[in-house]
Student: 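Have a look at this one.
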Amino acid sequence: GTSPKSKEQWTTYPIQKLKTMQDLSREFNPLLPKKEHTILIDMEWIRKGVIVPHQGTHVWDSHHVKLPHLYPRPPSHHKSHAPPSRWEVTRHALHRLTKGSNSIGDVQTAIMTYNSSNKDKWTFDALYYYGQRLHRMENNLHSLIPKMAKLALDLPELIQKPIPLLRQQQNQAITMSQQQISCLLANAFFCTFPHRNDTKPGSEYANYPTINFSSLFANKTDPTKLALKAEKLKAIFHYFNTVTNDEDAAKPEGLVTFERISIPTSQLPQWKSQKVPLTNLHISPEGSIEEEGTGMLQVDFASKYIGGGVLGSGLVQEEILFLMSPELIVARLFTEKLADNECLKITGPQMYSLTSGYSKTFSWLCPYNDRTKHDNWKRRYRQIVAIDALDFKNPKEQYSKDNIKRELNKAFVGFHGDMKTAIATGNWGCGAFKGDPKLKALIQLMAAAVSRRDMAYFTFGNKELAKEIQSMHEILTINKVTVDKLYNWLKEFSRHNAREHHLPKDLYGFISEKIGHMASLL
Ligand code: AR6
């Protein structure tokens with residue numbers, strides 16, 4: 001509400017008191033290249049303020065990203081008549097694009113020269129749609145495409161050591177420069193990554209998200225979907241425009257870290273014995289994780305395939321976040337699908353665009369001038385954690401003990417860490433994945449309590465929900481209810497719900513009764 005009266009009624013922990021990365025910047029660990037941390041730039045040079053690729057020896061194996069310029073040459077008996085390598089073909093096609101005056105048709109032709117096995121499968125309708133209706137108003141593709149092709153061709157100079165795959169059940173991190181990311185994304189745009197187009201079960205990368213942009217260009221000519229994809233393309237082209245524009249002050253010059261975190265099951269909390277009280281909660285129907293949450297640990301309502309449908313037709317929280325900060329998309333290149341005890345943390349991405357609307361009403365709004373400060377390693381004070389909730393086909397399933405525990409553990413894996421910035425979150429798992437926000441709010445509050453972090457919770461316009469969570473949090477804290485107790489009540493609630501003849505009770509009503517009973521015993 002905007003009336004002064006409703007403001008007075010609203011009492012919640014002030015957002016200004018919540019800790020951000022800048023408040024805790026002294027607690028940052030130095031960037032040390034270790035066995036579990038691959039740094040793709042030279043750390044000696046960065047101390048002098050210069051970003052230079054780290055030298056190494058490339059490999060072509062199942063532990064590393066298969067880069068297009070390393071594609072093995074097919075064996076040939078006649079050395080003199082050896083067919084050109086895949087990279088030679090790619091280089092030739094992209095080189096033609098750098099020469100200028102490119103229609104979308106030229107882009108399609110280039111991409112198909114080195115992806116000929118997909119010639120009956122791939123279509124480029126969304127790209128044509130964008131090119132015909134929008135490019136004059138937005139980004140001038142005639143000058144942008146050549147710059148993007150040039151950026152893609154810089155790959156062998158920019159990436160000089162292997163990029164490890166962040167595979168399941170490994171704690172592994174990669175740090176790279178924003179320029180390196182832009183080069184990898186330019187390659188993704190031109191669909192140069194080998195072995196990444198086959199997503200059938202059992203294929204080499206079936207456990208990885210897609211990375212080549214072909215699916216973003218395709219469409220089955222549904223006009224509303226075409227228009228939405230064109231809005232996605234506006235965000236993507238604006239990003240490439242910024243990173244290829246030498247005069248643009250927003251041209252990025254920092255680093256970004258991608259860290260896969262796996263906590264072995266034996267080290268997950270024993271929820272029934274966590275005698276810790278809840279932490280502070282700021283809750284509001286206004287504001288968003290992406291803006292008001294800047295500097296906190298910002299939750300990505302993720303798919304286990306990081307980025308979800310960002311390169312397809314998905315357009316909810318995760319996809320929109322990835323369009324505002326396209327550097328996040330590069331995580332799809334190397335992040336194997338998340339297991340139940342895992343998350344991906346991304347530190348330092350830049351925000352390039354503002355958008356408006358949601359799902360079917362989504363549109364690209366305008367460039368965003370990101371003034372977020374950098375840490376000592378040139379990473380922005382922005383940190384995102386991707387945690388994937390369970391997708392409940394049948395919402396009733398979420399009250400089972402096992403599912404509650406799975407979500408508690410997943411949230412804990414995301415929130416755990418030495419740097420106790422507040423968590424910026426909201427209705428995690430409660431849209432596309434059909435969770436109950438009242439249960440998910442409690443689950444996240446419990447995981448935050450065990451991780452000793454405060455929380456900012458944005459209910460996305462839902463005032464009623466904000467009030468309900470706020471008063472639930474209030475009675476829990478006034479009565480000093482600890483996580484172990486809450487966990488036992490949730491288990492009881494789940495047993496109660498499991499009995500078919502019982503009507504499902506309201507969770508907060510059930511907990512209030514328990515608190516009433518507890519208070520009467522004192
Ligand atoms: N800030 C705060 N709250 C938000 C925001 C925001 N920016 N955006 C949405 N909400 P959803 P899920 C609220 O459906 O259910 C993607 O495809 C809003 O109330 O994005 O976890 C992923 O790739 C919304 O209904 O998350 C996964 O595949 C609710 O948060 C899948 O969706 C949930 O947002 C995840 O689905």
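Note that the structure is predicted; figures quoted are calculated from it, not measured. All ligand and atom numbering here is 1-based and tracks the order in the structure. Hydrogens, waters and symmetry mates are skipped; everything else that's a heavy atom, side chains included, is used.
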Student: So, Gln298 side chain and Glu290 main chain: donor-acceptor pair closer than 3.5 Å or not?
Tutor: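 Yes; judged by distance alone, with no hydrogens or angles, the pair exists.
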Student: Looking only at distances, can you tell me whether any N or O atom of Thr459, backbone or side chain, sits closer than 3.5 Å to an N or O atom of ligand 1?
Tutor: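 The answer is no, given that Thr459 and ligand 1 share no N or O pair closer than 3.5 Å.
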Student: If you have a sec, work out which protein heavy atom is nearest atom 20 (O) of ligand 1 and how many Å separate them, to one decimal?
Tutor: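 Going by distance alone, atom 20 (O) of ligand 1 is nearest to Gln317 N, 3.0 Å.
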Student: Verify the ring-centre separation between Phe493 and Tyr508: is it less than 6.0 angstrom?
Tutor: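 For Tyr508 and Phe493, the ring centres are not under 6.0 Å apart.
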Student: Taking distance alone, with no angle check, do Gly307 and ligand 1 share an N/O pair under 3.5 Å?
Tutor: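 No: no nitrogen or oxygen of Gly307 is under 3.5 Å from one in ligand 1.
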Student: What orientation do Trp364 and His238 show, parallel under 30°, tilted 30 to 60°, or perpendicular over 60°?
Tutor: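 Taking His238 first and then Trp364, their aromatic rings sit tilted (interplane angle of 30° to 60°).
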Student: Tell me if a side-chain donor or acceptor on Asp375 pairs with a main-chain N or O of Lys378 at a distance below 3.5 Å.
Tutor: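 The answer is yes, because a donor-acceptor pair under 3.5 Å joins these two groups.
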Student: Please indicate whether any nitrogen or oxygen in Lys434 is less than 3.5 Å from any nitrogen or oxygen in ligand 1.
Tutor: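 Lys434 vs ligand 1: no N/O contact under 3.5 Å.
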Student: Could you check atom 7 (N) of ligand 1 against the protein and tell me its nearest heavy-atom contact, residue, atom and distance included?
Tutor: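 Minimum-distance protein heavy atom for atom 7 (N) of ligand 1 reads Glu290 OE1, 2.7 Å.
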Student: May I ask you to check if ligand 1 and Val316 share an N or O to N or O distance below 3.5 Å?
Tutor: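 By distance alone, the answer is no.
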Student: To which protein heavy atom is atom 15 (O) of ligand 1 closest, and what is the distance rounded to 0.1 Å?
Tutor: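 Ranked first by proximity to atom 15 (O) of ligand 1 is Gly431 N, 2.8 Å.
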Student: Between the main-chain N or O of Ala422 and the side-chain N or O of Arg453, is there a donor-acceptor pair closer than 3.5 Å?
Tutor: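 Flag not set: sc Arg453 to bb Ala422 has no pair under 3.5 Å.
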Student: Taking heavy atoms and a distance under 4.0 Å, where does Ala432 meet ligand 1: side chain, backbone, both or neither?
Tutor: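 Ala432 to ligand 1: contacts from backbone and side chain alike.
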Student: With heavy-atom distances below 4.0 Å as the criterion, list the atoms of ligand 1 near Phe301.
Tutor: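 Numbered from 1, ligand 1 contributes 21 (O), 22 (C), 26 (O), 30 (O), 33 (C), 34 (O), 35 (C).
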Student: Are any side-chain N or O atoms of Asn115 and backbone N or O atoms of Ile111, one a donor and one an acceptor, separated by less than 3.5 Å?
Tutor: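 Yes; judged by distance alone, with no hydrogens or angles, the pair exists.
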Student: Using ring centroids (six-membered ring only for Trp), state whether Phe213 and Phe190 fall under 6.0 Å.
Tutor: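 That pair fails the under 6.0 Å test.
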Student: Ignoring hydrogens and geometry, is there a side-chain-to-backbone donor-acceptor pair from Lys360 to Gly357 under 3.5 Å?
Tutor: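 Not confirmed, Lys360 side chain does not pair with Gly357 backbone.
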Student: Do Asn212 side-chain atoms and Ser214 backbone N/O form a donor-acceptor pair below 3.5 Å?
Tutor: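 Looks like no, no N/O pair under 3.5 Å.
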Student: Would you call the rings of His496 and Phe510 parallel, tilted or perpendicular if under 30° counts as parallel and over 60° as perpendicular?
Tutor: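 Geometry flag for Phe510 against His496: tilted rings.
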Student: I need the full list of ring pair (Phe, Tyr, Trp, His ring centres under 6.0 Å) pairs touching residues 309-341, with sequence neighbours left out, sorted by first then second residue.
Tutor: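 Residue pairs with at least one partner in residues 309-341: Phe258-Phe334.
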Student: Does the N or O separation between Phe433 and ligand 1 drop below 3.5 Å for any pair?
Tutor: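 Between Phe433 and ligand 1 (N or O atoms, distance only) the closest approach is under 3.5 Å.
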Student: Of the choices Ile320, Asn427, Leu465, Leu390, which has the non-hydrogen atom that lies closest to atom 19 (O) of ligand 1?
Tutor: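 Ranked by closest heavy atom to atom 19 (O) of ligand 1, first place is Asn427.
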Student: Less than 6.0 Å separating the ring centroids of Phe237 and Tyr130?
Tutor: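 Ring centroids of Phe237 and Tyr130 are less than 6.0 Å from each other.
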Student: State if Ala389 counts as touching ligand 1 under the rule of any non-hydrogen atom under 4.0 Å.
Tutor: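 Outside the 4.0 Å threshold, so no.
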Student: Who's the nearest protein heavy-atom neighbour of atom 3 (N) of ligand 1, and how far?
Tutor: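 Looking at atom 3 (N) of ligand 1, the protein heavy atom closest to it is Phe460 CD1, 3.4 Å.
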Student: Closer than 4.0 Å to some heavy atom of Gly308 - which atoms of ligand 1 meet that?
Tutor: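 Per the distance check, 23 (O).
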Student: Can you list the ligand 1 atoms lying under 4.0 Å from a non-hydrogen atom of Ile289?
Tutor: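 Reading through ligand 1 atom by atom, the close ones are 1 (N), 2 (C).
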Student: Just need the protein heavy atom nearest to atom 34 (O) of ligand 1, so name the residue and atom and give the distance.
Tutor: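 Here the nearest protein heavy atom works out to Tyr358 OH, 3.4 Å.
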Student: Are any of the N/O atoms in Gly429 less than 3.5 Å from those in ligand 1?
Tutor: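 Checking ligand 1 against Gly429, an N or O pair does fall under 3.5 Å apart.
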Student: Tell me: protein heavy atom nearest atom 17 (O) of ligand 1, and distance?
Tutor: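 Of the protein heavy atoms, Glu319 OE2, 2.6 Å lies nearest.
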Student: What protein heavy atom lies closest to atom 23 (O) of ligand 1? Include the residue and the distance to one decimal.
Tutor: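 For atom 23 (O) of ligand 1, the nearest protein heavy atom comes out as Glu318 OE1, 2.6 Å.
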